[in-house]
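Everything numeric here is computed off the predicted structure, so don't read it as measured data.
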Amino acid sequence: MKKLRKASSILLCLTLSATMLAACGSPKGDGAATAPSGTASTEGVKKEGFPIVDEPITLTVMSQDAGVADWNTMPVLQEMEKLSGIKLEYQLSPIDSFETKKNLVFASGDLPDMFYAADLKPAEQVTYGTQGILIPLEKYIDEGYAPNIKKIFDENPDVRKSFTTPDGHIYALPFVDKAAVWYRGPMWYNGKFLKALNVSEPKTTEELYTFLKRVKEEDPNGNGKKDEIPLTSVKLDDLRMYFFGFWGMYNEGIYSDKDGKVHYPYQEEGYKGYLTFMNRLWKEELLDHETFSQTGDQKKAKGENNQLALFNDYHAYFTLGGEPSSEHPLMTPVKSEIADSPVYGMHPGMSARGTFAISSSNPSPEATMRWIDYLYSYEGATLFNQGPEGTLWKFKDEANRVKEWLPVPGGGDREEYRGKITPNYGVLTPGVNDPEVAKGLRTEFDEWIDQQNQEKLVPIGKSPFPNVYLTNEEQSEATSLLSDLETYVKQMEAKFVTGQEPLENWDKYVAQVKKMGSDRLVELYQGAYDRWNAEQ
């Protein structure tokens, strides 16, 4: 289940045949969706209060399913049906196959009324929005059917701007978390190793190298064997973005620097510095030689065996075992030879992908907007994140919204039990992370994590790139370029790190990347970034 807790949340352009497009609905010239036949009037849909509708209605919803419980019997969804007067029929797909199922649904034209936990990429929002398959949402937001979402948009103009496509419409809604710092799990030190070697955290790449070398040579786990693994990874995918920051790069994909200049990192001098350092660690067996072959579970087994000094995970105890504690510090990003390093690619405060959308087959988009808007309120966020009052929590001081946990029914893990009562488990869902929702429920460990973030990451952090949209033509070109580039650079990264390709061939490699269109890719995203930046 811990893996499900960590599931989060790059570019795909789907081309449909003319026949499929005709089946799905034809686009209007201005990009607005054609209203479906039989669309309910706004009569019977309340803008305030519950139930939302005067007469009960039934809507279909497609979503990802973590596979923990039957959605038809989930207390949260049953409570929502009672409140709203809207019954849902579920079209669910396991997380691993949701992407394929979603593509088939879009291609077939047999659409659900709404998409929940939809993982809608920017390209999909633009493509299916302009084709009229997804309907524009801003009309319903601005006409009073989504006051909570409207309030978030008004208070955070960048959120609205970042989900408005080039044709001026909003086709999907984000998950909003203005307090977020991490894109994904960061790097952690094994605190026992730091203590055994009597060292403080490294501050430079040279100090990091020295620490990792000492781990290999000085038996910090004290078992008399040289079985310590200084640094481990799974194909470098878990550590790449964090390590890139040591060489001044904010992201492992397209990013913009503090001056608004767009970069593709795999042709930067900083990337050469990263490869040189990783190759040095590989040659001296300071980087796990099973990095390119092991699974996440195999990595975790090494952690539970107290062999790992530095590793990635959402929390250190997920890898090392045991309970949450402040024993194992979050890694302080280290300075390299690159000027103004380190940097940190911080979470932008909203999902980069759409979590919710309404299809053109929906008979009552007004009622649907009221339904989803509730999740962006304090009450709705509480219900969908923590369940109904009296199950896992109760108010300690209701007037001040202070809560306390209740014992888990039947014992066991609270997070796993939560997965049985709400669909908001293991996938990125629509809504908002409101600090008020967790008032009274936060632990000392939660507070410690906040302190580590504020001390180590926030001062050097910025969002790598806003949630910008390319036009359909630009998206098609960018997707094509990225498809070839990503395959090539990943292959070459492994070769450079393991020494199969000598770093003397760096210039030859950069020439090939440029030949494959990296500069054109930067040009496309620079244009999109400049458009986004110019919007009010």
Side-chain angles (χ1 to χ4, degrees), residues 1-9 66 68 177 179-196 200-201 220-221 232 234 238-239 242 296-297 299-333 344 346-347 382 385-387 391-394 396 402-422 424-428 433-458:
M1 288 300 119
K2 282 179 181 173
K3 283 187 180 175
L4 286 173
R5 294 184 221 175
K6 293 179 259 177
S8 41
S9 12
V68 178
D177 183 359
V181 175
W182 304 344
Y183 257 117
R184 65 198 71 191
M187 302 296 296
W188 303 91
Y189 285 111
N190 184 328
K192 293 177 181 176
F193 284 19
L194 289 171
K195 190 173 179 182
S200 56
E201 280 195 58
N221 67 9
T232 195
V234 178
D238 47 1
L239 65 73
Y242 206 86
D297 286 340
K299 180 182 88 168
K300 184 184 173 193
K302 295 170 182 176
E304 292 178 339
N305 202 34
N306 198 29
Q307 292 177 268
L308 302 182
L310 180 60
F311 54 91
N312 166 279
D313 209 327
Y314 197 76
H315 289 306
Y317 73 94
F318 285 1
T319 289
L320 298 178
E323 297 300 316
S325 81
S326 59
E327 182 179 15
H328 309 293
L330 185 151
M331 182 191 192
T332 301
Y344 176 71
M346 206 155 76
H347 196 288
T382 292
N385 288 320
Q386 298 162 356
T391 303
L392 286 175
W393 65 277
K394 69 176 182 179
K396 188 176 182 180
V402 179
K403 301 171 185 162
E404 62 182 344
W405 291 119
L406 294 171
V408 177
D413 183 87
R414 181 180 289 111
E415 183 68 8
E416 290 181 16
Y417 188 87
R418 195 177 71 82
K420 298 176 183 177
I421 65 174
T422 178
N424 287 24
Y425 180 79
V427 291
L428 187 64
N433 179 23
D434 181 353
E436 286 278 298
V437 171
K439 214 169 170 183
L441 303 178
R442 288 173 60 80
T443 65
E444 284 185 16
F445 180 71
D446 294 326
E447 300 294 341
W448 176 74
I449 291 291
D450 282 353
Q451 175 265 323
Q452 291 278 290
N453 285 335
Q454 291 299 320
E455 179 186 316
K456 298 176 176 180
L457 301 181
V458 173

**Prompt:** Quick one: does R184's side chain have a donor or acceptor within less than 3.5 Å of a partner on D238's backbone?
**Reply:** no
Heavy-atom closest pair (M346 atom, Y183 atom, distance to 0.1 Å) is O-CE1, 3.5 Å
Only one of D450, I449, T443 passes side-chain contact (heavy atoms from CB on, under 4.5 Å) with D446, and that residue is T443
Interatomic distance, CD@Q451 vs CG@L330, rounded to 0.5 Å, equals 10.0 Å
Separation between CG (L194) and NE2 (H328), nearest 0.5 Å, reads 10.0 Å
Nearest heavy-atom contact between G322 and Y317 is O-CD1, 3.6 Å
CG of N453 to CH2 of W448, rounded to nearest 0.5 Å, is 9.5 Å
Taken to the nearest 0.5 Å, the spacing of R414 CZ from L392 CG works out to 6.5 Å
Output for pair (K403 NZ, T382 OG1), nearest 0.5 Å, gives 3.0 Å
Open item on the list: Applying side-chain contact (heavy atoms from CB on, under 4.5 Å) to N312 and M187, what does each step give before you reach the verdict?
Closed with: CA-CA 4 Å; N312 166 279; M187 302 296 296; 3.6 Å; yes
Requested in this report: Verify the distance criterion only: is there a donor paired with an acceptor across the side chains of N221 and N305 at less than 3.5 Å?
Outcome: no
_Looking at M331, is its backbone amide N or carbonyl O close enough to the side chain of K456 to form a donor-acceptor pair, meaning the two atoms are under 3.5 Å apart?_
no
Nearest heavy-atom contact between V68 and Y425 is CG2-CE2, 3.7 Å
- Query: Has the side chain of E444 got a donor or acceptor atom that lies under 3.5 Å from a matching backbone atom of S326?
  - Reply: no
A quick test of your reading: do over 12 heavy atoms of other residues, nucleotides or ligands sit less than 6.0 Å from NZ of K420? no
Here the gap from K299 atom NZ to D313 atom CG, rounded to the nearest 0.5 Å, amounts to 5.5 Å
Nearest heavy-atom contact between P220 and A196 is O-CB, 3.5 Å
Result for salt bridge (charged side-chain N to carboxylate O under 4.0 Å, His left out) between E404 and one of K394, K439, R442 points to K394
| task | Apply the test ring-ring contact (aromatic ring centres under 6.0 Å, His included) to residues W182 and H315: give CA-CA distance (whole Å), side-chain angles for both, the deciding distance (0.1 Å), then the verdict. | result | CA-CA 11 Å; W182 304 344; H315 289 306; 5.7 Å; yes
In short, F445 meets S325 closest at the heavy-atom pair CE1-O, 3.3 Å
Shortest non-hydrogen pair, G321 vs E304, comes out as N-CG, 4.3 Å
message: Could you walk me through whether L441 and Q386 satisfy the side-chain contact (heavy atoms from CB on, under 4.5 Å) test, starting with their C-alpha distance in whole Å, then the side-chain angles of each, then the deciding distance to 0.1 Å, before giving a yes or no?
response: CA-CA 11 Å; L441 303 178; Q386 298 162 356; 3.4 Å; yes
From the list L310, N306, T319, side-chain contact (heavy atoms from CB on, under 4.5 Å) partner of N190 resolves to N306
Report task. Mark yes or no for whether W393, through its side chain, and G387, through its backbone, hold a donor-acceptor pair below 3.5 Å. Result -> yes
